[in-house]
Amino acid sequence: MRGRVLIIAGSDSGGGAGIQADIKTVTAMNGFAMTAITALTAQNTLGVHGIHEVPTEFVTEQIRVVMEDIGADCLKTGMLHRIGVIEAVMDAIEAYAPTVPLVVDPVMIAKGGASLLEDDAVAAMRARVLPMATLITPNAPEAATLTGEPVETTEQAVNAARKLLELGPRAVLVKGGHIGSDDRVFDVFVSADSDERIFEGPRIETASTHGTGCTTASAIATGLAQGMPPVDALDAARRYVLEAIRTAPGYGRGHGPLNHAHPLDR
């Protein structure tokens with residue numbers, strides 16, 4: 001086991017996304033997962049049925065005690081759903097982990113359609129979170145919200161990724177699950193090092209896609225924590241997620257969870 005990953009995100013009681021998916025992913029990829037929980041959700045495959053706030057002071061305390069004792073090789077943020085949480089988390093990162101690589105999954109909408117980011121928090125996400133990120137991993141709708149422009153084609157995803165790069169992150173991955181062809185998915189990667197790539201893969205027709213964003217970001221964070229270059233970490237993460245979707249257990253009556261426990265191949 002190597003690579004310490006501190007996950008700062010919300011809890012999913014259904015186990016398919018959020019902190020639960022993050023811990024499973026980091027563990028499956030032979031990393032060590034730690035957590036700072038930002039919110040509790042009552043959630044299953046049919047949707048989000050309630051959100052219980054965690055006091056911002058306690059979010060900060062979780063980050064502080066982990067960093068002062070165990071430390072981290074990479075941070076990963078997920079559900080930062082309101083301005084107070086965003087400010088508290090970023091203040092804590094600046095105080096306790098200013099040089100640790102940061103993977104940001106800008107969680108905005110749950111798979112079932114429920115909003116997980118308050119409207120007035122989008123500006124705070126742009127101003128406080130993105131400039132500190134090593135890599136951000138929005139899907140197409142999230143990229144559209146952050147840029148204010150439509151992201152409905154791969155070309156638009158490339159333009160959105162370039163525009164998001166101007167906000168300060170070292171690299172951007174715009175995930176293509178919501179766009180692309182009927183049988184192919186195209187993920188767009190751009191970096192401040194002038195590296196631009198389009199990763200292509202098969203589209204699997206399935207309802208078992210709950211938690212793919214959380215899983216992808218956590219898998220990348222684990223690779224970075226283990227010293228992998230960003231593109232290699234991304235490639236390993238994409239292969240892990242594809243197999244997790246392909247072998248999903250089929251639980252629930254809505255958007256089901258992935259199989260995070262499939263054998264690791266990298």
Side-chain angles (χ1 to χ4, degrees), residues 1-11 18-23 25-26 31-41 51-108 116-118 120-138 142 146 164-173 191-192 213-214 217-228 230 233:
M1 178 180 291
R2 60 190 180 91
R4 301 162 296 172
V5 182
L6 173 57
I7 304 146
I8 306 167
S11 168
I19 286 287
Q20 286 79 354
D22 297 326
I23 293 173
T25 300
V26 174
F32 181 74
M34 304 161 288
T35 65
I37 298 176
T38 59
L40 307 176
T41 69
I51 298 175
H52 182 71
E53 302 285 352
V54 173
T56 55
E57 297 83 0
F58 192 69
V59 175
T60 299
E61 186 71 353
Q62 293 174 80
I63 296 170
R64 182 186 70 80
V65 298
V66 168
M67 290 305 305
E68 289 184 346
D69 177 33
I70 302 170
D73 301 299
C74 192
L75 309 176
K76 182 260 181 176
T77 61
M79 182 181 175
L80 307 179
H81 56 297
R82 58 188 177 89
I83 291 178
V85 171
I86 290 172
E87 296 291 349
V89 167
M90 300 319 293
D91 286 347
I93 290 175
E94 289 176 347
Y96 306 113
T99 63
V100 179
L102 170 63
V103 175
V104 173
D105 181 18
V107 176
M108 296 182 179
L116 296 176
L117 182 70
E118 295 179 359
D120 59 358
V122 174
M125 178 72 68
R126 291 195 196 100
R128 286 295 314 269
V129 182
L130 302 193
M132 289 190 64
T134 304
L135 171 69
I136 64 172
T137 64
E142 290 163 348
L146 289 169
L164 288 170
L165 197 64
E166 295 174 358
L167 297 178
R170 292 292 302 166
V172 178
L173 172 69
S191 78
C214 305
S218 287
I220 295 171
T222 307
L224 295 178
Q226 294 168 340
M228 297 174 66

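When reading the values below, keep in mind they use all heavy atoms of this one structure, side chains included, and skip hydrogens, waters and symmetry mates.
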Subject >> Steps toward side-chain contact (heavy atoms from CB on, under 4.5 Å) verdict (Leu135, Val104) >> reply: CA-CA 6 Å; Leu135 171 69; Val104 173; over 6 Å; no
**OP:** Apply the test side-chain contact (heavy atoms from CB on, under 4.5 Å) to residues Ile8 and Met79: give CA-CA distance (whole Å), side-chain angles for both, the deciding distance (0.1 Å), then the verdict.
**Re:** CA-CA 8 Å; Ile8 306 167; Met79 182 181 175; over 6 Å; no
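- Partners of Val122 under the side chain to side chain contact (heavy atoms under 4.5 Å, CB included) rule, at least two apart in sequence or in another chain, are Leu117, Arg126, Thr145, Leu146.
- Between Ile136 and Ala133, the shortest heavy-atom distance links the atoms CG2-CB, 3.5 Å.
- With sequence neighbours excluded, the residues forming a side chain to side chain contact (heavy atoms under 4.5 Å, CB included) with Glu57 are Pro55, listed by chain and number.
- With sequence neighbours excluded, the residues that form a side chain to side chain contact (heavy atoms under 4.5 Å, CB included) with Asp120 are Ile83, Glu118.
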**OP:** For side-chain contact (heavy atoms from CB on, under 4.5 Å), just list the numbers for Leu80 and Thr38, CA-CA rounded to whole Å, side-chain angles, deciding distance to a tenth of an Å, and then say yes or no.
**Re:** CA-CA 7 Å; Leu80 307 179; Thr38 59; 3.9 Å; yes
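- Remark: Arg128 pairs with Glu87, Asp91, Glu94 by the salt bridge (charged side-chain N to carboxylate O under 4.0 Å, His left out) rule, at least two apart or across chains.
- Smallest separation of non-hydrogen atoms from Ala225 and Arg4: CB-O, 4.0 Å.
- With sequence neighbours excluded, no residue satisfies salt bridge (charged side-chain N to carboxylate O under 4.0 Å, His left out) with Glu166.
- For Gln20, the side-chain hydrogen bond (donor to acceptor under 3.5 Å, both in side chains) test picks out Ser11, with sequence neighbours left out.
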**OP:** Show the numbers, then the answer: is there a side-chain contact (heavy atoms from CB on, under 4.5 Å) between Val5 and Gln226?
**Re:** CA-CA 9 Å; Val5 182; Gln226 294 168 340; over 6 Å; no
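- A heavy-atom distance below 4.5 Å is not found between the side chains of Gln62 and Leu6.
- At least one side-chain heavy atom of Leu173 sits less than 4.5 Å from a side-chain heavy atom of Ile220.
- What you find for Ile7 and Ile23 is that their closest heavy atoms are CD1-N, 4.1 Å.
- Side-chain contact check for Thr77 versus Asp105: every heavy-atom pair is 4.5 Å or farther apart.
- In this structure, the side chains of Thr137 and Val103 come closer than 4.5 Å at one or more pairs of heavy atoms.
- Looking only at side-chain heavy atoms (C-beta outward), Leu167 and Pro131 stay at 4.5 Å or farther from each other.
- Applying the salt bridge (charged side-chain N to carboxylate O under 4.0 Å, His left out) test to Arg170 and every residue at least two apart in sequence or in another chain returns Asp193.
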